[in-house]
Every structure is written in structure tokens, then in C-alpha cells.
Amino acid sequence: MTTTKQAVVIAGNQSTGLTRTDVLGLEEVDRTKAKVVGGKGANLGELARLAGIRVPAGFCVTTEAFQRIVGDAPPIGALLDRLSSLAASDRDTIRELSGELRRIIEATAIPDDLRDAISQALSRLGADDAYAVRSSATAEDLPGASFAGQQDTFLNVRGAQAIVTHVRRCWASLFTERAVSYRIQHGFDHRKVHMAVVVQKMVSPQAAGILFTADPVTSNRKVTSIDAGFGLGEALVAGLTRADSYKLRDGRIIEKTIATKTLATYALDEGGTEERPLDPERQRGQVLTEAQMLQLERLGRQIERHFGHPQDIEWCLVEDEFHIVQSRPITTLYPIPEGGERANRVYISVGHQQMMTDAMKPLGLSVFQLAAGGPMHPAGGRLFVDPAKQLASPATRDAFLDMLGRTHPLMRDALQTLIERGDFIQTLPDDATPSPPGQGSQVLALAGSGAQIDDDPAIVAELIERSRAALAALKRDIRTKAGTALFDFIVEDIQQWKKSMLEPRSMGAIMAGMNASAWLNEKMSTWLGEKNVADTLSQSVANNITSEMGLALLDVADAIRPYPEVIARLQRVKHEDFLDELVALDGGQEARDAIRAYLDKYGMRCAGEIDITRARWSEKPTALVPLILSNIKNFTPGAGARKFAQGRQEALQQAQALLDRSRRLPDGEHKAGEAQRMIDRLRNFAGYREYPKYDLVNRYFVYKQALKREAERLVQAGVIFDADDIHYLTFGELREVVRTHQLDGQIVGDRKAEHELHEKLTPPRVITSEGEIVAGAYKRDHLPAGAIVGQAVSSGVVEGRARVLADMADAHMEEGDILVTTFTDPSWTPLFVSIKGLVAEVGGLMTHGAVIAREYGLPAVVGVEHATRLIRDGQRIRVHGTDGYVEILT
């Protein structure tokens, strides 16, 4: 009698009543069985059920068989324990352990009951036929991870014994070095990833290839991309030969490239495959007819509709009929912003304008939307605005593009490209008036501002004092608010803050500095041939709260420098409550007081500070420790005051030189008078531009502390498990949870998983409602060979060692280093006092990194595509901040 432990469900035979599922026919499989048959097996089962889709017949050796046989082997558990402790950088140990795991698995005995189940499934399909034996892991073909190509496939396998052997090899391929490293890098538990094996009848195709239902280059969801070659598809996948490339849209062939194909892969009669050279007359032959391309496009769209997501599909053409051998989600596409039903929308990234392109959690996104105002569209944990109406109107297009070009030339060029194509943005009549753009982004908010202001510098002092008083009132009044009343209070406070920041004097003060900078650059270039003079004139201006923050941390270093015990303790800091521990040390009281005074003024700041969910310096003071230690090492006492005085002196000296030269021009006294007025305006008002952001981040911290108190009440009531769970709810959702004390427990978990996916995505500067990512380019001639081009935002030329950083916490700088990073926001400013120059992938002329670079006199180039990949840490580079490019010297 067969026991339950030995029971096996044989493919195509459900009548035995046996309970374990070691083997399942593809016809028994759908996407609900992904844990049993892996991603590839589940998707093939789904496809086999679709009308009009041909899938080669086959069966799956399930993960239950894998776990029963491989999971019970004692040496494997010990090796997995060792693997789990490794980092991706431990390559030699990964190679050794993964190799040992593969050897053990390939030598593992296969029980008779599984052999019998495989033999019976083969008998049903054709015992003498050839089969493809393909790995199908449970972590494969997920929406947020691509394990494609990491496990093995074996073609043209004949006979039950050979198939059993290759099943073992597929199991073993779960532990290839590349698969193990990928799981470590992406945080997948080796023990939770299991392997199924798909066994399918081999087909002998005349052609094979890959179909993407979204263009893999532009991400356009309307464009189908097909690669095609003769014979089996393995030569294409392995990169051994070129492929024909076809692009189609809505039943039209829009692009066709016929490659020279030198060889193809074919099955051998005795089993296995070989590559054979193609006859010369076939090498330039077109693989698919136009009718076949159109048919394949229709099949791709049918499969995409079924799965509800763009697909990467492997196909074979057999006797003029298409067979699908795999379909998986395309995991690299950036989500399309949610913009409603109107066709042909275009979106520009808010994060690139705010110097914060990291994914934000739902609470952070929704609070920022409240503060920024205007229609914004979320996608991938980021926000976008839609200027399509402004671009469509001749009355507003040029002014908008001109403003955008001055601050973000890559965005401008991308939009100009889209306009010039003429197939996406429809031009409105000349007399049509578009809707106002709203205040959804810095660029859109300021583009139409014509606010004027008197040159009285006391205006800035009055604006700052008014903000301080309003902040004090907020801190006082919010203490009395709880429950839904707190949420209503925050909404009202944000509205009042926006009114105060957007009123004419505040906007006028911001625009006064920006307009004076533009005027000086234009006139001094025309009159005197001097480029970007405003960069030096902007050094050490008054009332720049962000640059003052960097200099103030030098004063903190001065307070700590005399005390070696404190310095030694800071070098060993591991936890956030270290401040109180300093008091027991010589000089510890002074050190603690200095750091706390700094946190009282600037502790609400942090990296990515526009996201209210980010930990602030007051909550995580260890973030400042590397910067304090760097300042102690690299500077002498009084450096903060000296730096400010030096910058001011350089600015005033240049101002005097420009005025003297202007007076010698025709109508010189008048020109010099105009220049003097603009220099005064620049130095009076340029610093204020940083204050509204500082004021908003101050308010953010007040809101956050109040919301945290509500979260702690929800934890006590058992509504949520952890106070930080509120970060995964929008502001409106959180208000409703506070009101009802009810929350679907799955929401937080789903949102956490979604946020992890968003963190892996790179947001585009410009994306259309078709998902097309439109890239801009710099129009620059006569650059040195190998120059890396960007946007010039702070003048000067400097050479030094590149320090490529992703996180300010890793900032162990040496004097003369040049910072190379993805983006900098105000929280990076304390680091700027230690560097000689800046290179950033994201930014514009008026973003914070550029403003502070000019304030400190640092040559800077931003908007440098892929800078952190093109420049290696430790290389010597030259930054041309005046002309906007970087050279790698060594």
C-alpha cells in the first residue's frame, strides 16, 4: 500500500487520491501555484489556458520535491547558514560555498517515487521525444526582481534518466555564484527560495527570439520591440550572434533593422545543441515577414492584457506558427504617473528640482503635496507635474522653456525634443489661454512670477522675524491638538504658511536675488567678456541659513577639539544616546552643550528632508559625528569665521573690479551705477532664498512629533504594531485611522513591499503618459576628449581626489577632496566646508547644492548623467565649474 508520505500526484492522473504534488502537468498549473511551480512554471500554466496561445506541452517537478529531497540533506543546512552571514563583496567565499552546494545537490539520490512520477509524465507526453528542462525558482519573474538567466536551462534532453539528471542540475543552479550574489544584494533569504523544474517538449523552430510589449530603450508602453534570429533562441540570449530588430505600434511597423546573422543554434538528433554557421545568403535575410511581425505583436498584447503588466516574452516559430516558451514581467519599467484620462500628458520630475530623487513613503508624499500645492502626480514613490498645457500654448511655451532651460537644461532639451517631434504635444491656437500651472514645483511656481520689491535689506530681516514668530506660535498651539483636530490644524497651518511664503514680499525677495544674478551674468558677459560673475559675487551673502549651518558645525568642532577623550569616544559612537554619556569625560559637558545647541537650531534637518518620515538629526545625531570629526581633523580653530570673511572679501574685491572696468566703458558711469544696484540687490536678497525651505522643514519636525504621539496611541490601542507604520499611510488615510481606530492589517505590509520596489527604481526627468522616458542632452561643442558633460552652476576650475559618496554618513573627507554624488540637499551643506568642488548627477542652477557651492566659492557641475558610475572613488579629476564639464585625470 502506498503511504501518504510516499504519495505523488502524477501529471494528468488526479484519480489516484494521492496528496503530495511532486509532479504537476502544465494544464493543472496557474499563477496561484507560483510557490509550487515557480514563476516560470506558473506563467506557462497561465499561458497554456489562453485561447490562441500555443505552449509546448509539459509538466513541472514542483518545489515540494525540491524541499523534500534537497532540504533534508544535512550538509546543505550548514552551508546555507554560512552563506547567510556573507556580504556580496565576499566573492571568494561565495564561490567556494556555492560550488560545494552544487556538487552535493547534483550527487543527491533521487527517490524511486519521484523517478516513477517523472517517467509516467514522460510516457503520457512521449517517452522518446526530446525535452527542454528549465529552472523555475519561486523568486523568479517577480514584479520587483529579475532573476532571469541566473538558473540553468538544458535543451534537447532525451530519455527519463537524462531528464532526472538535468532536474538535479536545475536544482543545483539555484546556487550558481551569480544567483547567490544577487540574492545577497537584494536581501532574499536563501532558505526561502525554492526550485521547481519545467520539463517541456522541444520544438525545432525555424526562428526564435524575444518580444517586449514595452520598448526596452524608451519604456514606451505603446511600442512593441521584437528581436529575432534563425534556429533556437539560445545564440541570441548568449550574445553569440546579432538579431533582427523590429518595432511596431498599433499594427504598424515603425522601425526595422536587418542584422548580419553569422550563426544559429540547432538541436542534435542524439541530444544537446550546437551552433552552426549560416549560409552567406541567409546572413542578411529577414527572419520574420511583416505579417508574422504583426501577428506576434497581437499575441504580445493579448498576453500583456492577461497578466496586466508589460511582458518580456520568449517565442519560437515552428512551421509558421508561434509557440510561447516563457513570459515574465518587465521589472525595469518606471511606473507611469497617475494623471487621469486625458491623452498625451507629459510629466517632469519634482524630485530633480528639489534635489531629492529617492523614493518617499506615502505619508511623506502626501504631506509634501499639501505643502507644495497644485496638481502633482505620484509614481514610483516620487512626484511629477504636468506642464503639457503650457507646452501646447505658443503664449506660454517659450517663457516656460526659457525658465526651465536656465535651471534644468536636460529637462528643457527633453521637452523641446518632444515638441519638435510633432506627434505627441498638440499645439493650441495662438489666442488660446492655458490653465495656470499651479505651484506643484519650484520651476512652475517661479516661472510666471513678476513680483517686484524695494532694495531695502531690512525686508529680509522682517520676513525672517515673521517666520520665527509664526513657528513659535505653531509649537505652542499644536500641543493642545489631538485626534482628528490635530490633522485639521496641520492642514490649516500649512495653508497659512503657503500664503505667507507666496505673498508678494516673500516671492519678491526670492526673485530679486535670482533676477539680479541673471542680470549681472548677462551684462558682465556682454560688457566685459566675464562669464558667470554672480557666482563669486554670491559668496558669503547675508541671511543664508543653509550656508550658516555648515560654518556653525566648524564652531562645534572648535568646542570639541581641545578634548582628546571626547574625540576618542566620538570615533567609537554606535548608538543615538551618546550625548549624555559624554558628560563623564573631560570636556564632555562642553561637547554635549555645543552639539545640542547646534541641534536646537538645525536638528530638524536631514538627508531627504522633504520626506517627513525621514529621521532628523535630532532623532539621529550620529549622522553628524563623521562631519564633526572631519572638521576637527581638517581645520584649525576659527575656521568658520575665516571662511565667511574670506568669501566676503573675494566677493567685494570682484565687485569693485567689475565696477572699475564698467566705468571705463562708453556711458560707463550709468553702467557702473546699474551694476552697483544689482550687486547690492544680489547680496541683500540672494541668501533669503534658502529660508522658506528651512522654515518648512522646521514645521515638518513639529508636525512629525505631533503625529508620532498619535501613532503611539494607535500602538497602545493595538491598531498598529509599530509607530513607524504610519509612514506607510497617506495623511488622509492616517486621519481616518485615528478617527475610526480601524486599519486593514495587510495595507502596511503591502506598502512596505511596494516602497522597497520603488527604492530600486531610477526616476526619469521627463516621462510621458505612454511611459516613454525622454532623455535630454547638453548641446556643447569643442570639449576635450573624454569630457563628462554637465551643467555649470558655480564658476572656477579645480583638481582633486574624487570622493564618490551615496550617503553623508560615509563622509570621511581629506583636505582637497571633490565630492561626487547623486544629489545633495541642504543636509549635505556641513560637508561643503571640507571639499574643493562638487559633481552631482541631479541638480540645477538654483537648487540648493548649486546655491551653497556658489556661497562657499566651490566650482560645481551638476546634472552629470551617471557621474557616480563614470567616476571611481579615489580618481583624480578636474572640475570645470565655469564651462560645465569634468575630466578624469588618472
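All values reported here derive from a predicted model rather than from experimental measurement.
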Practice task
Please name all residues satisfying side-chain hydrogen bond (donor to acceptor under 3.5 Å, both in side chains) with Thr546, sequence neighbours left out, ordered by chain then number.
Solution key: Glu690
Practice task
Considering only NZ, NE, NH1 and NH2 on the basic side and carboxylate oxygens on the acidic side, decide whether Glu619 and Lys704 come within less than 4.0 Å.
Solution key: yes
Practice task
Please list, chain by chain and in numerical order, all residues satisfying side chain to side chain contact (heavy atoms under 4.5 Å, CB included) with His306, sequence neighbours excluded.
Solution key: Arg31, Glu46, Leu50
Problem - Set of ring pair (Phe, Tyr, Trp, His ring centres under 6.0 Å) partners for Tyr602, sequence neighbours left out - result: Tyr598
Practice task
Please assess Leu743 against Ile720 for the test side-chain contact (heavy atoms from CB on, under 4.5 Å), listing each intermediate value before the final yes or no.
Solution key: CA-CA 8 Å; Leu743 175 65; Ile720 57 177; 3.7 Å; yes
Handout entry: Minimum side-chain heavy-atom gap Met411-Gln353 below 4.5 Å
Key = yes
Handout entry: Main-chain N/O of Gly608 paired with Asp825 side-chain donor or acceptor, under 3.5 Å
Key = yes
Exercise for the section: Please step through side-chain contact (heavy atoms from CB on, under 4.5 Å) for the pair Thr824 and Met355, ending with a clear verdict. Expected result: CA-CA 6 Å; Thr824 66; Met355 292 289 274; 3.6 Å; yes
Handout entry: Derivation of the side-chain contact (heavy atoms from CB on, under 4.5 Å) call for Ile184 and Asp90
Key = CA-CA 10 Å; Ile184 291 173; Asp90 299 323; over 6 Å; no
Handout entry: Any side-chain heavy-atom pair of Val180 and Arg183 under 4.5 Å
Key = yes
Practice task
Would you check if the side chain of Ser219 reaches a backbone N or O of Leu333 as a donor-acceptor pair within less than 3.5 Å?
Solution key: no
Completion exercise
The reported gap from NZ in Lys601 to CD1 in Ile545 (rounded to nearest 0.5 angstrom) is 4.5 Å
Practice task
Please tell me if the side chains of Ile76 and Leu79 come closer than 4.5 Å, counting only heavy atoms from C-beta onward.
Solution key: no
Fill in the blank from the handout: Paired with Arg751, the side-chain hydrogen bond (donor to acceptor under 3.5 Å, both in side chains) test is passed by just one of Glu733, His727, Gln746, namely Glu733
Fill in the blank from the handout: Tightest non-hydrogen contact, residues Ile478 and Ala706, listed as CD1-CB, 3.8 Å
Practice task
Examine distances only and state if a side-chain atom of Thr829 and a backbone atom of Gly550 form a donor-acceptor pair shorter than 3.5 Å.
Solution key: no
Problem - Donor-acceptor pair, side chain of Arg49 and main chain of Val29, under 3.5 angstrom - result: yes
Completion exercise
Closest non-hydrogen contact found for Met501 with Ser467 is CE-OG, 3.6 Å
Completion exercise
Smallest heavy-atom separation, Gly41 atom then Cys60 atom, equals CA-SG, 4.2 Å
Completion exercise
Separation between CZ (Arg221) and CD (Glu304), nearest 0.5 Å, reads 9.0 Å
Problem - Ser827 backbone acceptor or donor facing Glu609 side chain under 3.5 Å - result: no
Fill in the blank from the handout: Between Ala137 and Val193, the two heavy atoms sitting closest are CB-CG1, 4.3 Å
Fill in the blank from the handout: Arg709 meets the side-chain hydrogen bond (donor to acceptor under 3.5 Å, both in side chains) criterion, sequence neighbours left out, with none
Practice task
Give a yes or no answer on whether the side chain of Ser349 reaches the backbone of Gly351 with a donor-acceptor pair at less than 3.5 Å.
Solution key: yes
Practice task
For the pair Thr138 (side chain) and His194 (backbone), establish whether a donor and an acceptor sit closer than 3.5 Å, ignoring hydrogens and angles.
Solution key: yes
Exercise for the section: Measure the CG-CG distance between Asp695 and Leu463 for me, rounded to the nearest 0.5 Å. Expected result: 10.5 Å
Kindly list each side-chain donor-acceptor pair under 3.5 angstrom involving residues 480-496, sequence neighbours excluded, with atom names and distances?
from	atom 1	to	atom 2	distance (Å)
Thr480	OG1	Asp477	O	2.8
Asp488	OD1	Arg735	NE	3.1
Asp488	OD1	Arg735	NH2	3.2
Asp488	OD2	Arg735	NH2	3.2
Glu492	OE2	Gln496	NE2	2.8
Asp493	OD1	Arg699	NH2	3.0
Asp493	OD2	Arg699	NE	3.1
Asp493	OD2	Arg699	NH2	3.2
Asp493	OD2	Tyr703	OH	2.4

Practice task
Hey, could you give me the CG/CG distance between Leu714 and Leu729, rounded to the nearest 0.5 Å?
Solution key: 9.0 Å
Exercise for the section: Check side chain to side chain contact (heavy atoms under 4.5 Å, CB included) between Ala594 and all other residues, then give those that pass, not counting sequence neighbours. Expected result: Val556, Ala559
Handout entry: Side-chain H-bond candidate by donor/acceptor type, Glu64 with Thr21, under 3.5 Å
Key = yes
Show me the donor-acceptor pairs, under 3.5 Å and distance only, between side chains in residues 360-373 and residues at least two apart or in other chains.
from	atom 1	to	atom 2	distance (Å)
Ser366	OG	Pro362	O	3.0
Ser366	OG	Leu363	O	3.1
Ser366	OG	Phe731	N	2.9

Practice task
State, with a plain yes or no, whether a side-chain heavy atom of Leu599 is found less than 4.5 Å away from one of Arg616.
Solution key: no
Practice task
Output the distance between atom SG (Cys606) and atom CG (Leu624), rounded to the nearest 0.5 Å.
Solution key: 11.0 Å
Problem - Under the side-chain hydrogen bond (donor to acceptor under 3.5 Å, both in side chains) test, residues paired with Lys752 that sit two or more places apart - result: Asp725
Handout entry: Any Ile767 side-chain heavy atom under 4.5 Å of Pro337 side chain
Key = yes
Handout entry: Side chain proximity check, Tyr334 to Arg382, heavy atoms < 4.5 angstrom
Key = yes
Handout entry: Under 3.5 Å: donor-acceptor pair, side chain of Ser506, backbone of Leu502
Key = no
Handout entry: Contacts of type side chain to side chain contact (heavy atoms under 4.5 Å, CB included), residue Glu772, not counting sequence neighbours
Key = Thr218, Asn220, Arg421, Thr768, Val774
Completion exercise
Taken in chain and number order and not counting sequence neighbours, the residues that satisfy ring pair (Phe, Tyr, Trp, His ring centres under 6.0 Å) with Tyr694 are Tyr691
Fill in the blank from the handout: Residues passing the side chain to side chain contact (heavy atoms under 4.5 Å, CB included) test with Lys620, sequence neighbours excluded, are Glu576, Ala615, Thr622
Fill in the blank from the handout: Here the pair of heavy atoms bringing Asp611 nearest to Met356 is CB-CE, 4.3 Å
Exercise for the section: Kindly indicate, with the supporting measurements, whether the criterion side-chain contact (heavy atoms from CB on, under 4.5 Å) is fulfilled by Val715 and Asp722. Expected result: CA-CA 6 Å; Val715 171; Asp722 185 275; 5.6 Å; no
Exercise for the section: Look at the side chain of Asp750 and the backbone N and O of Ile747, then say whether any donor-acceptor pair between them is shorter than 3.5 Å. Expected result: no
Fill in the blank from the handout: dist Ile852:CD1 -> Glu548:CD (nearest 0.5 Å) comes out at 9.5 Å
Problem - Lys/Arg N to Asp/Glu carboxylate O, Asp358 vs Arg614, below 4.0 Å - result: yes
Exercise for the section: For the residue pair Leu174 and Phe66, establish whether any side-chain heavy-atom pair is separated by less than 4.5 Å. Expected result: yes
Practice task
Would you indicate whether the side-chain heavy atoms of Val573 and Glu581 approach each other to under 4.5 Å?
Solution key: no
Exercise for the section: Could I get the full list of side-chain hydrogen bond (donor to acceptor under 3.5 Å, both in side chains) partners for Asp577, not counting sequence neighbours? Expected result: His575
